[in-house]
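I have placed the structure first, in the form of structure tokens, so that the comments after it can refer back to it.
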Amino acid sequence: MAEAKEEKHTGALYEATEDFARSRDGSDPLRHFRERFIFPETESGEEPVYFTGNSLGLQPKKAREYVDQELEDWAKLAVEAHLHAKHPWLPYHEFLTEQMANVVGAKASETVVMNSLTVNLHLMMVSFYRPTKERFRIMIEGKAFPSDQYAVKSQLAFHGFEPESGLIEVLPRHGETYLRTEDIVEAIGKHADSLALVMFGGVNYFTGQSFDLKAISEEGHKAGAVVGFDLAHAAGNVPLKLHESGADFAVWCSYKYLNSGPGGVAGVFVHERHARAFDLPRFAGWWGHDKASRFQMGPEFEPIEGAEGWQISNPPILQMAALRASLEIFEEAGMEALAHKSKDLTGYLEFLIEGIGDNRISIITPRDPADRGCQLSIRVRNADRSLFEKLTSQDVFADWREPDVIRVAPVPLYNSFSDVFRFSEKLRSALSQS
Ligand SMILES: *Cc1c(COP(=O)(O)O)cnc(C)c1O
């Protein structure tokens, strides 16, 4: 018995049956978290296969209660709620700091929840992208999320550099679908004299590849560059040790794996070595001002030590209330336990997709579970959207990326082995019709 159990945990004992999936759900210690979320309605009335938590996480049932509480305090107390709400608005962002820091493996003093992702990326580059005539280039992963490409190119232009010569994109080798760490390291070394900033994703949105943040940080620093990460697809998806990685800064959104709702308020990490870097340029606003004297309304900006000092405006309480509902769940579940289930769940998905045995489909996500999170990106040879549309018509929420990739993300917090099994059956059926 013990032996079989052990094998189960390594995921070696998968079976392509509904009973197997159900029994794995039965022994899943995280299964009850599914009930804390609201799944979208479908026309058929069937429960959907929701595999787009990498795009917009589901609504925690508590989100409404938490947002309602703030609406109620606003109604009852109005301006007094800044101090006297059940959760006072003045320090509201602080209620999120520690739980958010735990999600990304940072210290609380290195973490702040504010603004939205691309805005934060720009704010971080204002402070940490300090190009000189010789050292001005920015390195990113090839096929980075478009917003990141626009952001870094516009920063180059803002400082008077040509994006063509200033931007270095590291691409996979010919015939390969994702990057090798050794190639990233080599690219950094090759451009060591001219690199000002290495800005990589934590998990690439397209391939689902999870990068070695520590190796990239170390190599970037060795080259004399600043290192930052965009963790949009990593936060809440893979266990992170941001502080230990040594990165200078990181940014991430919270509406994907972190379930904060559309346009949810985003996260920022600034390594503690910069906590008192008051000489760095930064775009200042009153919320980053020393808390003790903020309301003396003096003319000189005195930043708070640590990540909070990068805040600008007083924050959106309703958005933060929704995020609080989700972060509490993460705290309860724990990133390690989630990551453990995630490897198993995604391993099962991989096993079933391969079992379909259709040579038109291939997985472009790394095969080593250490190099990916929960997302698998499936390439469909000679594809058009019709296969994807057949999936959608069977109540599957997946994501189509031109020209030929379907992205699916079984999220360990609310997806089940049965979801994975149902998805594979629907994919098989859609393939057989096309
Ligand atoms: C989702 C995502 C964005 C979106 O940026 P917003 O500012 O939140 O609209 C940017 N970059 C990456 C890598 C993303 O995955």
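- Arg294 places a side-chain heavy atom less than 4.5 Å from the side chain of Trp287.
- The structure places CZ of Arg379 at 10.0 Å from OG1 of Thr207, a figure rounded to the nearest 0.5 Å.
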Carefully, step by step, assess His87 and Arg324 under the rule side-chain hydrogen bond (donor to acceptor under 3.5 Å, both in side chains).
CA-CA 11 Å; His87 303 283; Arg324 204 160 61 76; 3.2 Å; yes
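- Note that CE of Met100 is 8.5 Å distant from OG1 of Thr111, once rounded to the nearest 0.5 Å.
- Between Glu169 and Lys143, none of the side-chain N atoms (NZ, or NE/NH1/NH2) sits under 4.0 Å from a carboxylate O, so this pair counts as no salt bridge.
- Between Val126 and Leu280 the shortest side-chain heavy-atom distance does not fall below 4.5 Å.
- Met199 places none of its side-chain heavy atoms less than 4.5 Å from the side chain of Tyr129.
- No side-chain heavy atom of Phe211 sits under 4.5 Å from any side-chain heavy atom of Val203.
- Counted by atom type alone, Thr118 and Ser147 present one or more donor-acceptor pairs between their side chains at under 3.5 Å.
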Applying side chain to side chain contact (heavy atoms under 4.5 Å, CB included), run through Leu179 and Glu141 and close with a yes or a no.
CA-CA 8 Å; Leu179 281 162; Glu141 87 257 31; 4.0 Å; yes
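- When all heavy atoms of Ala398 and Ile406 are compared, the closest pair comes out as CB-CG2, 4.0 Å.
- Asp399 and Thr52 share no side-chain donor-acceptor pair at under 3.5 Å.
- In the model, Gln375 has a side-chain atom that pairs as donor or acceptor with a side-chain atom of Asn54 under 3.5 Å.
- We find that Glu272 and Lys107 are joined by a salt bridge, their nearest charged nitrogen and carboxylate oxygen being less than 4.0 Å apart.
- The stretch residues 185-212 participates, sequence neighbours left out, in no salt bridge (Lys or Arg N to Asp or Glu O under 4.0 Å) pair at all.
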Does the pair Glu98 and Asn102 meet the rule for a side-chain hydrogen bond (donor to acceptor under 3.5 Å, both in side chains), with working shown?
CA-CA 6 Å; Glu98 193 147 327; Asn102 290 342; 5.2 Å; no
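- Between the side chains of Glu35 and Tyr414, no donor-acceptor pair is found at a separation under 3.5 Å.
- For the residue pair Asp344 and Tyr14, a side-chain donor N or O sits within less than 3.5 Å of a side-chain acceptor on the partner.
- The side-chain tip of Arg407 does not point at the ring of Trp400 from less than 6.0 angstrom away and within 45° of straight on.
- With sequence neighbours left out, the ring-ring contact (aromatic ring centres under 6.0 Å, His included) criterion links His84 to no other residue.
- Looking at heavy atoms from C-beta onward, Leu345 lies out of side-chain contact with Arg24 at the 4.5 angstrom threshold.
- Taking every heavy atom of both residues into account, Leu167 and Leu156 meet most closely at N-CD1, 3.8 Å.
- Counted by atom type alone, Asp371 and Gln209 present zero donor-acceptor pairs between their side chains at under 3.5 Å.
- With ring centers used as reference points, His243 lies 6.0 Å or more from Phe269.
- With sequence neighbours left out, Trp286 forms a ring-ring contact (aromatic ring centres under 6.0 Å, His included) with Phe295.
- Between Leu121 and Val251, the shortest heavy-atom distance links the atoms N-CG1, 3.9 Å.
- Between Lys153 and Glu164, none of the side-chain N atoms (NZ, or NE/NH1/NH2) sits under 4.0 Å from a carboxylate O, so this pair counts as no salt bridge.
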Evaluate Arg367 against Glu350 for salt bridge (Lys or Arg N to Asp or Glu O under 4.0 Å), listing each step before the verdict.
CA-CA 9 Å; Arg367 289 315 179 84; Glu350 184 177 38; 3.3 Å; yes
Test log, rule side chain to side chain contact (heavy atoms under 4.5 Å, CB included), inputs Val270 and Glu110:
CA-CA 5 Å; Val270 179; Glu110 295 173 319; 5.8 Å; no
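- Considering all non-hydrogen atoms of both residues, Cys374 and Asn237 come closest at N-OD1, 3.0 Å.
- Between Phe417 and Tyr348, the angle of the ring planes lies from 30° to 60°, which puts this pair in the tilted group.
- Looking at every heavy atom in both residues, Pro146 comes nearest to Tyr205 through CD-OH, 4.1 Å.
- Between Glu94 and Lys291 there is a salt bridge, since a side-chain N of the basic residue sits under 4.0 Å from a carboxylate O of the acidic one.
- Looking at Phe397 and Pro48, their side chains come closer than 4.5 Å, going by heavy atoms from C-beta outward.
- Side-chain atoms of His82 and Val79, non-hydrogen and from C-beta on, do get closer than 4.5 Å to each other.
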Start with the C-alpha distance between Trp310 and Glu308, add both sets of side-chain angles, then the distance that settles side-chain hydrogen bond (donor to acceptor under 3.5 Å, both in side chains), and finish with yes or no.
CA-CA 5 Å; Trp310 270 268; Glu308 283 185 307; over 6 Å; no
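- Between Arg273 and Asp248 a salt bridge is recorded (basic side-chain N to carboxylate O distance below 4.0 Å).
- Distance CZ/Phe37 to NZ/Lys62: 12.5 Å, rounded to 0.5 Å.
- Residues Asp28 and Lys341 are paired through a salt bridge, judged by an N-O separation under 4.0 Å between the basic side chain and the carboxylate.
- Judged by the 6.0 Å and 45° rule, Lys214 forms no cation-pi pair with Phe200.
- Between the CG atom of Leu349 and the CG atom of Asp419 there is a distance of 10.5 Å, given to the nearest 0.5 Å.
- Under the 3.5 Å distance criterion, the side-chain polar atoms of Asn415 are matched with a main-chain donor or acceptor of Tyr50.
- Residues Ile364 and Thr177 approach most closely at O-OG1, 3.0 Å, considering heavy atoms.
- In this structure, Glu70 CD and Leu318 CG are separated by 7.5 Å, a value rounded to the nearest 0.5 Å.
- If you take CG on Asp230 and CG on Leu117, they are separated by 4.5 Å, rounding to the nearest 0.5 Å.
- Note that Arg372 lies outside the cation-pi zone of Tyr178, set by a 6.0 Å cut-off to the ring centre and a 45° limit from the axis.
- A donor-acceptor pair shorter than 3.5 Å can be found between the side chains of Ser293 and His289.
- No donor-acceptor distance shorter than 3.5 angstrom exists from the side chain of Glu336 to the backbone of Pro239, with no hydrogens or angles considered.
- Residues satisfying the side-chain hydrogen bond (donor to acceptor under 3.5 Å, both in side chains) criterion with Glu176, sequence neighbours excluded, are Arg180.
- Between Tyr257 and His233, the angle of the ring planes goes over 60°, which puts this pair in the perpendicular group of the 30/60° scheme.
- A heavy-atom distance below 4.5 Å is not found between the side chains of Val113 and Thr97.
- The side-chain hydrogen bond (donor to acceptor under 3.5 Å, both in side chains) search around Asn259 returns Ser326, not counting sequence neighbours.
- For the residue pair Arg137 / Ser194, a side-chain donor-acceptor distance below 3.5 Å is found, with atom types taken as modelled.
- For Tyr255, the ring-ring contact (aromatic ring centres under 6.0 Å, His included) criterion is met by no residue, not counting sequence neighbours.
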